[in-house]
Amino acid sequence: LKLMEEESQIKRDIKQKSEELHLKTKEIIEKLDEDTSLRLLELKWIKPLIDGLHEIANYIISEHIRKIVALSEKYKTTFADVENEIESINGNLIELIDSITGCSADMEGLTEFRKILEV
């Protein structure tokens with residue numbers, strides 16, 4: 001019960017001091033000259049807004065850079081590279097087919113496969 005009374009008293013004190021602070025702040029703000037009030041307005045609202053806009057711009061630019069780098073990595077191997085690799089592998093397969101020996105049916109199949117690779 002004593003703690004509850006103490007808590008109530010603390011809440012009343014906080015409320016009273018908050019009101020006093022509000023009134024004192026209002027009084028001080030009303031006494032400010034125009035230059036000081038404009039400077040405070042700039043510090044309170046304009047500067048954080050401009051800083052936030054710069055952060056948004058930097059974030060957007062860095063996201064675009066990240067996506068471009070990802071696309072660059074994704075398409076690092078070009079179609080020409082793939083074609084060259086296919087031609088090289090086909091050449092190796094043809095050499096291997098030429099070195100294979102077997103029955104006539106197998107050799108006919110290998111000959112047809114070789115023709116496909118040469119196309």
Side-chain angles (χ1 to χ4, degrees):
L1 188 60
K2 184 179 176 183
L3 288 175
M4 288 176 33
E5 288 175 11
E6 187 178 326
E7 181 182 9
S8 295
Q9 181 61 39
I10 290 173
K11 286 183 179 180
R12 282 192 296 271
D13 288 346
I14 290 173
K15 184 175 181 183
Q16 179 189 4
K17 290 183 185 214
S18 293
E19 288 176 16
E20 288 174 9
L21 179 62
H22 175 74
L23 291 175
K24 191 172 181 179
T25 303
K26 182 180 177 196
E27 180 184 328
I28 290 173
I29 289 173
E30 288 172 349
K31 291 180 180 178
L32 290 176
D33 62 11
E34 187 175 348
D35 290 338
T36 307
S37 60
L38 289 175
R39 178 68 181 140
L40 288 175
L41 178 67
E42 181 179 342
L43 290 173
K44 173 70 177 172
W45 295 102
I46 297 172
K47 185 175 181 341
L49 179 63
I50 290 173
D51 291 344
L53 291 174
H54 285 294
E55 287 177 22
I56 290 171
N58 289 338
Y59 174 77
I60 290 172
I61 290 170
S62 65
E63 278 299 301
H64 283 304
I65 289 171
R66 184 188 63 76
K67 289 177 181 178
I68 289 170
V69 168
L71 280 174
S72 173
E73 287 297 316
K74 182 178 180 179
Y75 296 107
K76 194 175 202 175
T77 304
T78 65
F79 185 72
D81 293 338
V82 172
E83 280 292 319
N84 291 337
E85 188 174 343
I86 289 172
E87 287 177 16
S88 172
I89 291 170
N90 283 351
N92 291 341
L93 280 173
I94 290 171
E95 288 176 17
L96 289 173
I97 289 171
D98 289 342
S99 67
I100 295 176
T101 58
C103 69
S104 64
D106 290 343
M107 294 311 290
E108 285 179 30
L110 288 173
T111 302
E112 290 301 316
F113 183 52
R114 187 173 194 268
K115 287 179 185 177
I116 292 170
L117 291 175
E118 289 176 341
V119 172

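In this chain, numbering begins with 1 at the start of the sequence shown. These numbers come from the heavy atoms of this one structure, side chains and all, not from hydrogens, waters or symmetry mates.
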* Residues that Glu5 engages under side-chain hydrogen bond (donor to acceptor under 3.5 Å, both in side chains), provided they are two or more places apart -> none
Kindly list each side-chain donor-acceptor pair under 3.5 angstrom involving residues 59-72, sequence neighbours excluded, with atom names and distances?
unit_1: Ser62; atom_1: OG; unit_2: Asn58; atom_2: O; d: 3.2
unit_1: Ser62; atom_1: OG; unit_2: Tyr59; atom_2: O; d: 2.9
unit_1: Glu63; atom_1: OE1; unit_2: Arg66; atom_2: NE; d: 3.4
unit_1: Glu63; atom_1: OE1; unit_2: Arg66; atom_2: NH2; d: 3.0

* Structure fact -> Here the side-chain hydrogen bond (donor to acceptor under 3.5 Å, both in side chains) pairs for residues 26-40, sequence neighbours left out, are Glu27-Lys31, Asp33-Thr36
* Flag the pair Leu40 / Ile29 as yes when at least one side-chain heavy-atom distance between them is below 4.5 Å, and no otherwise. => no
* To do: Mind jotting down which residue pairs meet the salt bridge (charged side-chain N to carboxylate O under 4.0 Å, His left out) criterion with at least one end in residues 74-83? Sequence neighbours excluded, please.
  => Glu73-Lys76
Atom pairs and distances, side-chain donor-acceptor, residues 100-112, under 3.5 Å, sequence neighbours left out:
unit_1: Thr111; atom_1: OG1; unit_2: Met107; atom_2: O; d: 2.7
unit_1: Glu112; atom_1: OE2; unit_2: Lys115; atom_2: NZ; d: 3.4

* To do: Report the hydrophobic cluster partners of Ile10, with the cluster defined as I, L, V, M, F, W, Y residues connected by side-chain heavy atoms closer than 4.5 angstrom, directly or transitively.
  => Ile14
* **salt bridge (charged side-chain N to carboxylate O under 4.0 Å, His left out) partners of Lys11, counting only residues at least two apart** => Glu7
* Partners meeting side chain to side chain contact (heavy atoms under 4.5 Å, CB included) with Ile86 (sequence neighbours left out) -> Val82, Asn90
* Point-to-point distance, once rounded to the nearest 0.5 Å, from CG of Asn84 to OG1 of Thr77 -> 12.0 Å
* Between atom OG of Ser18 and atom CG of Asp13, what is the distance when rounded to the nearest 0.5 Å? -> 10.5 Å
* To do: Kindly write out the residues that satisfy side-chain hydrogen bond (donor to acceptor under 3.5 Å, both in side chains) with Glu118, not counting sequence neighbours, or none if the list is empty.
  => Arg114
Would you be so kind as to tabulate the donor-acceptor pairs closer than 3.5 Å made by side chains of residues 45-53, with sequence neighbours excluded?
unit_1: Lys47; atom_1: NZ; unit_2: Asp51; atom_2: OD2; d: 3.0

* Asked: Residues two or more places apart in sequence or in another chain: which of them pass side-chain hydrogen bond (donor to acceptor under 3.5 Å, both in side chains) with Glu20?
  -> Gln16
* Side chains of Leu38 and Glu42: closer than 4.5 Å at any heavy-atom pair? -> no
* **Partners passing salt bridge (charged side-chain N to carboxylate O under 4.0 Å, His left out) against Lys17 (at least two apart in sequence or in another chain)** => none
* **Rounded distance (nearest 0.5 Å) linking atom CD of Glu85 with atom CD1 of Ile89** => 4.5 Å
